Amino acid sequence: MSGLTSMGMGELAAAIKAKKTSASEVVDAHLSRIAEKDASIGAFLSRDDDRARADAKEVDARLARGEDPGALAGVPIAIKDVIHVKGLATTCGSKILNRFATPYDATVIRRLRNAGAIVLGKLNMDEFAMGSSNENSAFGPVRNPWDLTRVPGGSSGGSAAAVSARFAAMALGSDTGGSIRQPAAFCGVVGLKPTYGRVSRYGLVAFASSLDQIGPLTRSCADAALSLSVIAGQDVHDATSSPRVVEDYGAALGESARGLRIGVPRDFLKGVDAGVMAEFDKSIAALQADGAAIVDIALPNAPHAIATYYLVATAEASSNLARFDGVRYGLRTESAASKSSLKDMYGETRDAGFGPEVKRRIILGTFVLSSGYYDAYYLRAQKVRTLIRRDFETAFASCDVIATPTTPSPAFKLGEKTANPLEMYLADVFTVPANLAGVPGLSVPCGFSNGLPVGLQFVGPMFQEATLLRAGHALERLMGAAAAQPPV
Ligand code: GLN
């Protein structure tokens with residue numbers, strides 16, 4: 001069967017179950033594509049092809065016995081290297097974890113495996129998920145499949161590139177301030193950050209615990225819906241996971257945007273790249289023609305979100321990363337390095353410390369929490385965080401979802417912003433507010449500017465993922481950008 005690497009998740013599982021193809025054939029097709037193309041992109045950090053092939057055989061054997069392996073039977077997926085997959089290294093894009101052996105499967109991995117999904121490997125990322133371009137990885141950058149001279153976005157850059165390049169039907173990412181949605185926009189794929197608490201964080205290495213969420217990157221909203229239905233739900237291992245019943249998100253997709261009230265915060269969108277704005281405006285007009293009502297809304301405190309985020313996120317990171325203390329992790333001895341299998345994979349590991357961005361965040365976070373500065377910075381940031389959350393509550397009184405561009409510009413060139421961290425931080429101006437408020441956000445491809453993908457973001461009230469996916473599904477149909485395949 002040709003085109004196996006371009007098929008959607010539901011379509012693949014159905015074809016495998018109907019024996020039109022097999023899980024083994026599907027996995028082999030993806031592994032060959034990775035072997036052929038990933039050298040130029042750099043999405044994967046580690047793989048276990050033998051395990052993937054064995055898991056696929058098991059799915060086929062279960063089907064042959066007349067069993068149902070699950071909703072994702074034989075669907076190949078790949079995982080951001082900040083989520084535990086037993087049997088594979090967890091690097092978090094850092095050399096400090098060079099001797100860490102992953103002790104267990106994260107809850108999301110257990111759920112995906114129980115549904116029949118096949119894990120192909122672990123994906124490159126900014127070190128400890130800190131970054132917007134994947135250039136902070138200790139293992140080198142990832143390249144954007146639409147233009148190899150450009151970044152894929154970050155910090156889930158490997159996840160976005162892998163799904164865009166057809167290496168996997170779905171990839172998991174993590175989103176603390178935009179790390180699923182921003183790379184999804186840059187690579188022309190769908191990215192969903194669920195409501196805080198919708199998906200268990202057990203087995204996700206923490207960056208900023210009050211902001212982090214795991215979510216899927218896919219090539220359609222239907223696939224995002226299917227993925228969320230599998231990974232969402234309460235977990236005894238994560239006290240912040242919600243007991244709320246998991247919906248059938250696929251059933252809620254619907255046919256059109258008719259009757260949907262879409263809020264647009266025009267004042268917040270000043271300074272957006274003209275090419276991005278043109279695609280955004282076309283999309284809003286198309287949704288309106290499809291029957292949506294476009295509502296003017298305001299998010300008066302949203303312009304303070306980046307500053308607020310870099311106080312809250314760095315404070316939490318400085319606390320979370322204190323465990324990487326050079327005693328249990330980050331051994332710097334010659335013998336540690338020479339015993340490391342990562343040394344063979346990635347070369348010299350003798351300097352096994354943090355990279356510069358992680359150090360910058362820890363120093364900043366320690367500062368804002370320190371006596372004498374706590375009230376002026378950390379406490380004030382928490383107050384502004386509350387104001388940002390209230391802005392959303394007020395806005396959602398008059399609309400069902402809020403639409404903005406996902407990013408102020410399309411993918412930038414490798415190296416273009418590395419010398420200027422503040423400019424890099426602005427890439428998340430539209431994504432960060434949702435994390436601060438805990439609400440869900442979805443980025444959907446809506447068009448192209450100079451050949452580069454443009455993403456539109458929908459943000460919704462707490463636990464209204466179904467509404468976001470319905471809006472995204474309508475946009476996909478109207479703009480047709482989601483199906484586009486990059487030239488790799
Ligand atoms: N780019 C933002 C940062 O560097 C967000 C990262 C994330 O969502 N993990 O912190």
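Bear in mind that the values here come from a model prediction, so they are computed numbers and not experimental data.
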Peer 1: Look at the aromatic rings of F392 and F396 and report parallel, tilted or perpendicular, splitting at 30° and 60°.
Peer 2: parallel
Peer 1: Salt bridge or not for R360 and E357, using N-O below 4.0 Å?
Peer 2: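 Yes, charged N to carboxylate O under 4.0 Å.
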Peer 1: Indicate the atoms forming the closest heavy-atom contact of Q485 with S6, along with that distance.
Peer 2: OE1-OG, 3.5 Å
Peer 1: Looking only at side-chain N and O atoms, does T218 offer a donor or acceptor that is under 3.5 Å from a partner on D223?
Peer 2: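 No, because no side-chain N or O of D223 sits under 3.5 Å from a partner of the opposite role on T218.
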Peer 1: Look at the aromatic rings of F367 and Y377 and report parallel, tilted or perpendicular, splitting at 30° and 60°.
Peer 2: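 Correct class here is tilted.
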Peer 1: Within the structure provided, determine whether L452 and N144 are in side-chain contact (heavy-atom separation under 4.5 Å).
Peer 2: no
Peer 1: Sequence neighbours excluded and cut-off under 3.5 Å, please list the side-chain donor-acceptor pairs for residues 473-484, or say none.
Peer 2:
from, atom 1, to, atom 2, distance (Å)
E476, OE2, C221, N, 2.5
R477, NE, E255, O, 3.0
R477, NH2, E255, O, 2.8
R477, NH2, D290, OD2, 3.1

Peer 1: Could you tell me if the side chain of N320 sits less than 4.5 Å from the side chain of F128, heavy atoms only?
Peer 2: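 In short, these two side chains do not touch, never coming nearer than 4.5 Å.
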Peer 1: To the nearest 0.5 Å, how far apart are OG1 in T107 and CD1 in I231?
Peer 2: 11.0 Å
Peer 1: Let me check something: any side-chain donor-acceptor pairs from residues 459-469 under 3.5 Å, sequence neighbours excluded? List them with distances.
Peer 2:
from, atom 1, to, atom 2, distance (Å)
E465, OE1, T195, OG1, 3.4
E465, OE2, T195, N, 2.7
E465, OE2, T195, OG1, 2.7

Peer 1: Is atom CZ of R380 surrounded by more than 12 heavy atoms (other residues, nucleotides or ligands) closer than 6.0 Å?
Peer 2: no
Peer 1: Could you walk me through whether L123 and F44 pass the side chain to side chain contact (heavy atoms under 4.5 Å, CB included) check?
Peer 2: CA-CA 4 Å; L123 298 164; F44 280 88; 3.9 Å; yes
Peer 1: Return the minimal non-hydrogen interatomic distance between A208 and E316, and the atom names on each side.
Peer 2: C-OE1, 3.0 Å
Peer 1: According to ring pair (Phe, Tyr, Trp, His ring centres under 6.0 Å), who are the partners of F458, at least two apart in sequence or on a separate chain?
Peer 2: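 Partners of F458 under the ring pair (Phe, Tyr, Trp, His ring centres under 6.0 Å) test: none.
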Peer 1: Should I41 and V142 count as side-chain neighbours, where that means a heavy-atom distance under 4.5 Å?
Peer 2: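 Yes. Closest side-chain heavy atoms under 4.5 Å.
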Peer 1: Verify whether one side chain among S46 and K122 offers a donor that lies under 3.5 Å from an acceptor in the other.
Peer 2: no
Peer 1: At what distance, to the nearest 0.5 angstrom, does NZ of K80 lie from CD1 of I180?
Peer 2: 7.0 Å
Peer 1: Please give me the minimum heavy-atom distance between K37 and V488, naming the atom from each residue.
Peer 2: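 The pair with the smallest heavy-atom distance is NZ-C, 3.8 Å.
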Peer 1: By salt bridge (Lys or Arg N to Asp or Glu O under 4.0 Å), which residues pair with R470, not counting sequence neighbours?
Peer 2: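 R470 satisfies salt bridge (Lys or Arg N to Asp or Glu O under 4.0 Å) with no residue once adjacent residues are dropped.
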Peer 1: Kindly write out the residues that satisfy ring pair (Phe, Tyr, Trp, His ring centres under 6.0 Å) with Y425, not counting sequence neighbours, or none if the list is empty.
Peer 2: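 Y425: ring pair (Phe, Tyr, Trp, His ring centres under 6.0 Å) contacts with Y310.
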Peer 1: Please report, to 0.1 Å, the donor-acceptor pairs under 3.5 Å made by any side chain of residues 159-170, with sequence neighbours excluded.
Peer 2:
from, atom 1, to, atom 2, distance (Å)
S159, OG, L172, O, 3.0
S164, OG, C187, O, 3.3
R166, NH1, S164, O, 3.0

Peer 1: Kindly give the heavy-atom pair with the smallest separation between S318 and L369, and that separation in Å.
Peer 2: OG-CD1, 3.9 Å
Peer 1: Quick one: does any side-chain atom of N136 pair with a main-chain N or O of G355 as donor and acceptor, under 3.5 Å?
Peer 2: no
Peer 1: I'd like to check the salt bridge (Lys or Arg N to Asp or Glu O under 4.0 Å) partners of K282; sequence neighbours left out, ordered by chain and number.
Peer 2: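 Partners of K282 under the salt bridge (Lys or Arg N to Asp or Glu O under 4.0 Å) test: E279.
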Peer 1: Determine, stepwise, if the pair T240 / R201 fulfils side-chain hydrogen bond (donor to acceptor under 3.5 Å, both in side chains).
Peer 2: CA-CA 8 Å; T240 65; R201 290 178 292 115; 2.9 Å; yes
Peer 1: With sequence neighbours left out, what residues match F448 under ring pair (Phe, Tyr, Trp, His ring centres under 6.0 Å)?
Peer 2: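 Ring pair (Phe, Tyr, Trp, His ring centres under 6.0 Å) check on F448 returns W146.
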Peer 1: Enumerate the residue pairs fulfilling side-chain hydrogen bond (donor to acceptor under 3.5 Å, both in side chains) with a member in residues 427-436, sequence neighbours excluded, ordered by first and then second residue.
Peer 2: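 The answer is S132-D428, D175-N435, R181-N435.
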Peer 1: A side-chain contact here means heavy atoms from C-beta on lying under 4.5 Å apart; do V312 and Q382 qualify?
Peer 2: yes
Peer 1: Could you give all pairs that pass the ring-ring contact (aromatic ring centres under 6.0 Å, His included) test and reach residues 266-288, with sequence neighbours left out?
Peer 2: F268-F430
Peer 1: Of all the heavy-atom pairs spanning A427 and Q182, show the shortest one and how long it is.
Peer 2: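 So the minimum-distance heavy-atom pair works out to CB-NE2, 3.7 Å.
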Peer 1: Just to verify, which of T176, I362, L321 counts as forming a side-chain contact (heavy atoms from CB on, under 4.5 Å) with M130?
Peer 2: L321
Peer 1: Distance check, rounded to the nearest 0.5 Å: S227 atom OG versus I214 atom CD1?
Peer 2: 13.0 Å
Peer 1: Between V454, V429, L269, which is the residue that forms a side-chain contact (heavy atoms from CB on, under 4.5 Å) with P405?
Peer 2: L269
Peer 1: Can you name the closest pair of heavy atoms from T91 and L97 and give their distance?
Peer 2: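 Minimum heavy-atom contact is O-CD1, 3.7 Å.
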Peer 1: Atom OG1 of T308 and atom CD1 of I388: how far apart are they, to the nearest 0.5 Å?
Peer 2: 4.0 Å
Peer 1: Just verifying a value: how many Å separate S443 OG and K193 NZ, rounded to the nearest 0.5 Å?
Peer 2: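 It is 13.5 Å, given to the nearest 0.5 Å.
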Peer 1: With Q457 as reference, evaluate T404, T406, T407 under the side-chain hydrogen bond (donor to acceptor under 3.5 Å, both in side chains) test and give the passing residue.
Peer 2: T404
Peer 1: Among residues at least two apart in sequence or on other chains, which ones pass salt bridge (Lys or Arg N to Asp or Glu O under 4.0 Å) with D147?
Peer 2: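 By the salt bridge (Lys or Arg N to Asp or Glu O under 4.0 Å) rule, D147 matches R150.
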Peer 1: Heavy atoms, side chains only, cut-off 4.5 Å: are L436 and H304 in contact?
Peer 2: no
Peer 1: Take S94 and E127 through the side-chain hydrogen bond (donor to acceptor under 3.5 Å, both in side chains) test and state the conclusion after the steps.
Peer 2: CA-CA 5 Å; S94 180; E127 187 172 13; 2.6 Å; yes
Peer 1: Taking the side chain as C-beta and beyond, is there a heavy-atom pair between D273 and S449 under 4.5 Å?
Peer 2: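 D273 reaches S449 side chain to side chain.
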Peer 1: Between I402 and V264, does a side chain to side chain contact (heavy atoms under 4.5 Å, CB included) hold up when you go through it step by step?
Peer 2: CA-CA 6 Å; I402 294 171; V264 179; over 6 Å; no
Peer 1: For the atom pair CG (L287) and CD1 (I262), what is the distance rounded to the nearest 0.5 Å?
Peer 2: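 Separation between the atoms: 4.5 Å.
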Peer 1: Which residue pairs pass the ring-ring contact (aromatic ring centres under 6.0 Å, His included) test when at least one of the two sits in residues 197-228, sequence neighbours left out?
Peer 2: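 Pairs touching residues 197-228 that pass the test: Y104-Y202, Y202-H237.
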Peer 1: Step by step, work out the side-chain hydrogen bond (donor to acceptor under 3.5 Å, both in side chains) result for T102 and T90.
Peer 2: CA-CA 6 Å; T102 308; T90 306; 2.7 Å; yes
Peer 1: Check each of P152, P141, S179 against N134 using the side-chain contact (heavy atoms from CB on, under 4.5 Å) test, and report the only one that passes.
Peer 2: P152
Peer 1: Does N420 reach the side chain of M424, with side-chain heavy atoms less than 4.5 Å apart?
Peer 2: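 No; the side chains remain at least 4.5 Å from each other.
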Peer 1: Using a 4.5 Å cut-off on heavy atoms from C-beta on, say whether the side chain of R111 contacts that of V199.
Peer 2: no
